[in-house]
Structures are given as C-alpha cells and as structure tokens.
Q: 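My questions will all concern the structure given below.
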Protein chains: 2
Amino acid sequence: MTSPDEQPTLAVSTVIFTLQPNDSATPELRIPLVKRIRNPFANQWALPGGPLAASEDLADSASRTLRETTGLEPRYLEQLYAFGDPARSPGERVVSIVYWALVAGDEAAQVFDSENVAWFRADDLPQLAFDHNLIVDYALWRLRTKLEYSRIAHGFLGDTFTLAALREVYEVILQRPIDAGNFRRTMEASGVIVPTGERLTGTRHRPPQLYRYNAEPESQGEFDLGPRSRPMLTVKETA
Amino acid sequence: MTSPDEQPTLAVSTVIFTLQPNDSATPELRIPLVKRIRNPFANQWALPGGPLAASEDLADSASRTLRETTGLEPRYLEQLYAFGDPARSPGERVVSIVYWALVAGDEAAQVFDSENVAWFRADDLPQLAFDHNLIVDYALWRLRTKLEYSRIAHGFLGDTFTLAALREVYEVILQRPIDAGNFRRTMEASGVIVPTGERLTGTRHRPPQLYRYNAEPESQGEFDLGPRSRPMLTVKETA
DNA sequence: GAGTATTTTTGACTCTAAGTCGAGACTATC
DNA sequence: GATAGTCTCGACTTAGAGTCAAAAATACTC
C-alpha cells in the first residue's frame with residue numbers, strides 16, 4: 001500500500017478474447033476473469049494481471065499473465081492503453097498498462113476453470129473491480145475496429161480453417177451477417193489467406209477448401225503492430 | 001537512481017508536432033526537443049517530459065509538459081504508447097508513457113526558443129537520448145496513418161482556414177501531392193468542415209472560402225479517442 | 001480600363017472495391 | 001437416384017475516389 005505522494009505502482013493487465021462454442025450453433029466471444037482475494041474489491045471479478053516484475057518487458061508480463069491464467073499461448077498480443085486516472089484505485093495510485101490478446105477457440109475449450117478463474121461472455125459482464133468494465137469496453141471497441149481494417153481474425157482459429165469458419169468469426173464479433181460470396185472475393189484478393197489444397201470432408205454438403213494464414217509480411221497491410229514489428233507482437237502460426 | 005529490483009520509475013513524455021513555415025514556400029513538420037542537463041545522456045536532445053506527479057492524470061502530465069516546453073496549449077492530444085523495455089534506460093528501470101500532440105503552426109512560430117529547447121525537422125533528427133528516435137518514428141507513423149482515416153489535420157491550423165491550407169497540411173505530412181478537386185469533394189462530403197461564409201481577400205487570385213472545423217460529434221467518424229471521449233482528448237476550437 | 005497571371009471552384013468521366021443476388025457444383029444421406 | 005445443404009462462381013449494381021479540364025474571380029500590369 002503506497003501513500004498518495006510516493007511513486008505510482010505499475011501493473012500490467014490483459015484482456016483475453018476467445019471464441020467458444022456454446023449450446024447453440026454459433027460461438028460466442030468470451031474473456032477470462034479472476035476473482036480478487038484481497039482488498040480493494042475483494043471477491044469481485046477483475047482482469048488477470050499483476051505488478052510489473054523488475055526486469056520484465058511489458059509484453060512479456062502480459063504473456064506470462066495470460067499463460068498463468070489460461071495455460072495458453074497468445075496467437076495475437078497488442079498493447080491496448082495505459083490507464084492512469086489518479087482515482088481509479090482507492091487508497092493507492094496504480095497505473096495499469098493493459099494488453100489485449102486473442103487465443104484460439106479450440107485451445108481455450110480445454111482450459112482449467114479453477115475456483116478463481118471463470119470465462120464470461122464479453123457483452124454480458126458483471127460489475128468488475130476498478131475501472132475494468134471501461135477497459136473491457138475499450139478493448140472490445142478496438143477488437144471490432146481492428147477486425148475490419150486488418151487481418152487478425154485467424155487469431156481465433158487453428159492453423160487451417162475454412163472460409164465459412166473465418167466468416168463466422170467476423171459475423172460473431174461484428175454482430176452482423178456477411179455475404180459469403182463477397183467475403184470470399186475480398187479475402188482471396190487480399191492475399192492474407194492461401195488455400196492449402198486440402199478439403200474438409202465429413203460434412204454433409206460440398207467439402208470446403210481449407211485455408212491457412214499467409215505469413216508473408218507484405219500481405220498483412222499497414223496496420224499497427226506497435227513501435228516495431230517485433231516477432232513477439234506478430235501472430236504465432238504454430239502453438 | 002533506482003536499483004534494478006525496485007519498482008520501475010514512471011515517466012510521461014510527449015511528441016509535439018507543428019507545421020512551421022521555412023525559407024521556401026512550403027511549411028515543414030517540426031518537433032521541439034529539450035537538451036538533457038544530467039546523466040544519463042547528458043547534453044543530448046530528448047523528448048520533453050518528466051516523472052509522473054503523484055496525483056496527476058497521465059494526459060494532464062503530458063499537457064503540462066507541453067505547456068512548460070512551448071508555452072502553448074495542445075489542439076490535439078492522444079496517448080501514443082507505453083515504452084517499457086528493461087534496457088531502454090541505463091542504470092534504472094524507466095517505463096515511459098508517451099503522448100503525441102498537435103499545436104497550431106502560427107502559434108508555434110512565436111515560441112520561446114531558449115537555450116535548452118529547440119525545434120527540429122521531424123524527418124531530420126539528431127541522435128536522441130534513450131529510445132526516443134524510435135518513439136518519434138512511431139509517432140510519425142501514427143500521425144501519417146491517422147491523418148488519412150480521421151480528421152485531425154485542422155489541429156495544425158487556426159480556427160478558420162482555406163481548403164488550400166488544409167490540403168497543404170495533408171501534402172506536407174503525407175509527402176505527396178493531392179488533387180485539389182477531389183480533396184474538396186471528399187472534405188465537403190465528410191461534413192468535418194463547414195464554410196464560414198467569409199472569404200480570404202488580399203490574395204492575388206480568386207478569393208478562397210474560409211472554413212472552420214465542425215465540432216458536431218457525428219461528423220468526426222469512428223476513430224480512436226481513447227477509452228472514453230473525454231473533452232480533454234478532443235480538439236479545442238479556441239485557444 | 002483591358003488583358004494577364006494565378007488559384008479557386010465546378011463538373012464530367014473513369015476506375016476500383018465492395019454490396020447484391022442468383023445459379024451451378026459437390027458430397028452425404030435417405 | 002433424388003434430396004438437402006453448403007460451397008463456389010459470376011454478372012450486375014453501387015459508392016467512393018482518382019483524373020482532368022473548363023469556368024470563375026481577384027490582383028496586378030500596362
């Protein structure tokens with residue numbers, strides 16, 4: 001506990017998004033939260049995170065938190081914002097540097113759901129500790145915005161996927177239907193995905209082509225990867 | 001001086017952009033830097049900034065720095081990124097939260113150019129202290145990118161301006177010519193600017209219409225103003 | 001005061017990317 | 001062999017931006 005006129009405490013938190021199948025056919029956007037065990041806000045749900053370790057990079061800290069909370073590796077990780085309102089934490093001054101991450105849905109399914117970690121629907125959260133509701137709202141806005149002008153959707157999927165699966169990611173997150181034909185044309189023209197040559201059989205209809213993400217940097221367009229395109233910030237193709 | 005295993009020091013710095021006329025006809029993009037008077041990097045140029053005051057909001061700290069360095073108020077202010085590489089400052093761990101700002105060119109002209117503050121051309125900087133060259137490069141990238149999809153260009157101008165002046169802002173920053181007719185059509189259709197009804201006389205050609213920025217929120221589009229659209233983050237129309 | 005230089009302002013045409021929509025292709029199942 | 005149900009493709013439409021040149025309006029020159 002720091003008195004008001006000392007140096008602010010520095011924490012790193014992470015908003016972790018995944019797409020998990022639910023009872024109905026369409027998956028839903030979910031994020032993991034941890035239950036606080038001490039004051040302030042004891043017993044309330046909060047974003048996973050913690051104080052920044054002495055010689056740990058910010059992104060590493062977010063990555064570590066994600067691993068400790070979900071047991072998973074991020075497929076996409078990006079800094080979101082630094083929150084520093086003096087009143088955001090009662091009693092002490094805490095500046096939180098927040099990251100947001102995507103993890104693949106099929107991996108997230110087999111995740112430990114301990115006493116103190118639970119997954120919530122992103123658009124139906126309880127009252128969270130601190131200003132974490134505001135933070136999640138902002139992360140959601142960034143996710144939706146960035147999905148439209150960059151190519152991060154495959155961060156929710158495995159290494160190979162059908163166009164229908166990719167389109168479903170867009171439809172669930174943007175909350176609107178997308179024309180299949182137009183989507184195919186745009187995606188193929190962009191060069192972000194390449195057909196693997198294999199097809200997904202076993203469906204009860206025409207077998208769809210399987211695609212994978214094109215890791216060529218020139219196919220990724222000019223979107224924000226942070227101050228330098230460090231490998232850590234790009235998507236990991238194999239887990 | 002903090003030993004490596006204590007809490008990191010928190011600093012706030014600001015990249016301040018302005019458009020200043022030079023000897024030739026076209027203005028150039030410039031940023032103010034301050035000369036460091038102590039180690040590390042004594043006598044090298046660095047971004048204006050300093051440690052975060054105990055109960056000061058992050059944006060307020062950036063604003064104050066800007067005022068102390070230039071004597072001006074920002075016409076646009078936005079958080080850029082938090083830099084936290086453990087090796088970025090020799091001897092102590094410093095996490096810098098960096099903002100970027102725009103100030104009007106005509107105001108910046110009459111600024112005190114003290115011994116320890118100087119304005120540099122943004123694309124021709126000396127070797128700076130810490131990782132500040134990297135930071136400026138990233139801020140420049142953000143400025144250029146954001147100029148294209150949002151409406152921040154008038155942050156460089158006064159309250160009223162001609163379309164030619166606004167177009168020149170785009171041309172100087174994006175470093176390419178822009179068709180005047182197309183520019184007019186796009187700008188007028190967007191609704192971001194409204195004609196004042198007055199014209200600029202005294203030129204040696206057809207007197208151009210004067211425009212002002214349209215403060216209506218729905219005219220601003222869906223670009224990133226931070227987690228909440230606080231007035232502080234939006235553009236001030238009168239200085 | 002008429003002509004010239006210069007930039008503003010307007011409008012027509014073109015080009016590109018995306019939205020719309022429907023028909024044909026292909027596999028599993030009945 | 002017919003049917004259900006997607007996948008895949010192609011034609012048409014629409015919206016926005018790029019291109020380009022002509023008309024408009026002022027100050028300056030002679």
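To find a chain, count down the sequence lines: A is the first, B the second, and so on, and within it residues start at 1.
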Q: Measure up the A:Phe17 and A:Trp100 rings against each other and bin them: parallel (under 30°), tilted (30 to 60°), perpendicular (over 60°).
A: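 Answer is perpendicular, since the angle exceeds 60°.
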Q: Once the angle between the rings of B:Tyr138 and B:Tyr81 is folded into 0 to 90°, is it parallel (under 30°), tilted (30 to 60°) or perpendicular (over 60°)?
A: perpendicular
Q: Within the supplied structure, the quantity of interest is the number of heavy atoms (other residues, nucleotides, ligands) at a distance under 6.0 Å from B:Glu188 CD; does it exceed 12?
A: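 Enclosed: over 12 neighbouring heavy atoms sit under 6.0 Å from CD of B:Glu188.
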Q: Measure from CZ on A:Phe183 to P on D:dT8 and round the result to the nearest Å.
A: 13 Å
Q: Indicate whether OP1 or OP2 belonging to D:dG10 is found under 4.0 Å from a side-chain N or O atom of A:Arg184.
A: no
Q: Taking DNA chain D as the partner, which of residues 168-176 of chain B come within under 4.0 angstrom of it by heavy atom?
A: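 None - not one residue of the stretch has a heavy atom sitting under 4.0 Å from the strand.
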Q: Could you state the atom-to-atom distance from CD1 of A:Ile178 to P of C:dA17 in whole Å?
A: 19 Å
Q: Please tabulate, one pair per line, all N/O donor-acceptor pairs under 3.5 Å involving side-chain atoms of residues 200-209 of chain A, not counting sequence neighbours.
A:
residue  : atom : partner  : partner atom : Å
A:Thr203 : OG1  : A:His205 : O            : 3.1
A:Gln209 : OE1  : A:Gly197 : N            : 3.1

Q: May I ask you to say what A:Ala164 touches in the nucleic acid, namely base, sugar-phosphate or nothing, with a heavy-atom cut-off under 4.0 Å?
A: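 If one applies the 4.0 Å heavy-atom cut-off, A:Ala164 turns out to touch the sugar-phosphate alone, with no base involved.
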Q: Rounded to whole angstrom units, what separation is found between the CE atom of A:Met187 and the P atom of D:dC9?
A: 16 Å
Q: What does the B/S/- profile of nucleotides 20-30 of chain C look like, 5' to 3', with a 4.0 Å heavy-atom cutoff to protein?
A: BB--BBBBS--
Q: Roughly, in whole Å, what's the span from CG in B:Leu200 to P in C:dT9?
A: 10 Å
Q: Rounded to the nearest 0.5 Å, how far does CD of B:Glu168 lie from CD1 of B:Ile173?
A: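 Output value for this atom pair is 10.5 Å.
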Q: Please state whether the rings of B:Tyr213 and B:His154 are parallel, tilted or perpendicular, taking 30° and 60° as the class boundaries.
A: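 Parallel, since the angle between the ring planes stays under 30°.
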Q: Going from CG on A:Leu80 to CD1 on A:Ile135, what distance comes out if it is rounded to the nearest 0.5 angstrom?
A: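 Reported to 0.5 Å precision, the distance equals 8.0 Å.
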Q: Measure CD/B:Gln209 against P/D:dA25 and give the value in whole Å, please.
A: 13 Å
Q: After noting the C-alpha distance and the side-chain angles of B:Arg75 and B:Asp159, does the key distance pass the salt bridge (charged side-chain N to carboxylate O under 4.0 Å, His left out) rule?
A: CA-CA 10 Å; B:Arg75 296 183 66 88; B:Asp159 289 347; 3.4 Å; yes
Q: Could you give the distance from CZ (B:Arg151) to CG (B:Leu166), rounded to the nearest 0.5 Å?
A: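 Output value for this atom pair is 10.0 Å.
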Q: In whole Å, I'd like the distance from the CD atom of A:Glu188 to the P atom of D:dG10.
A: 11 Å
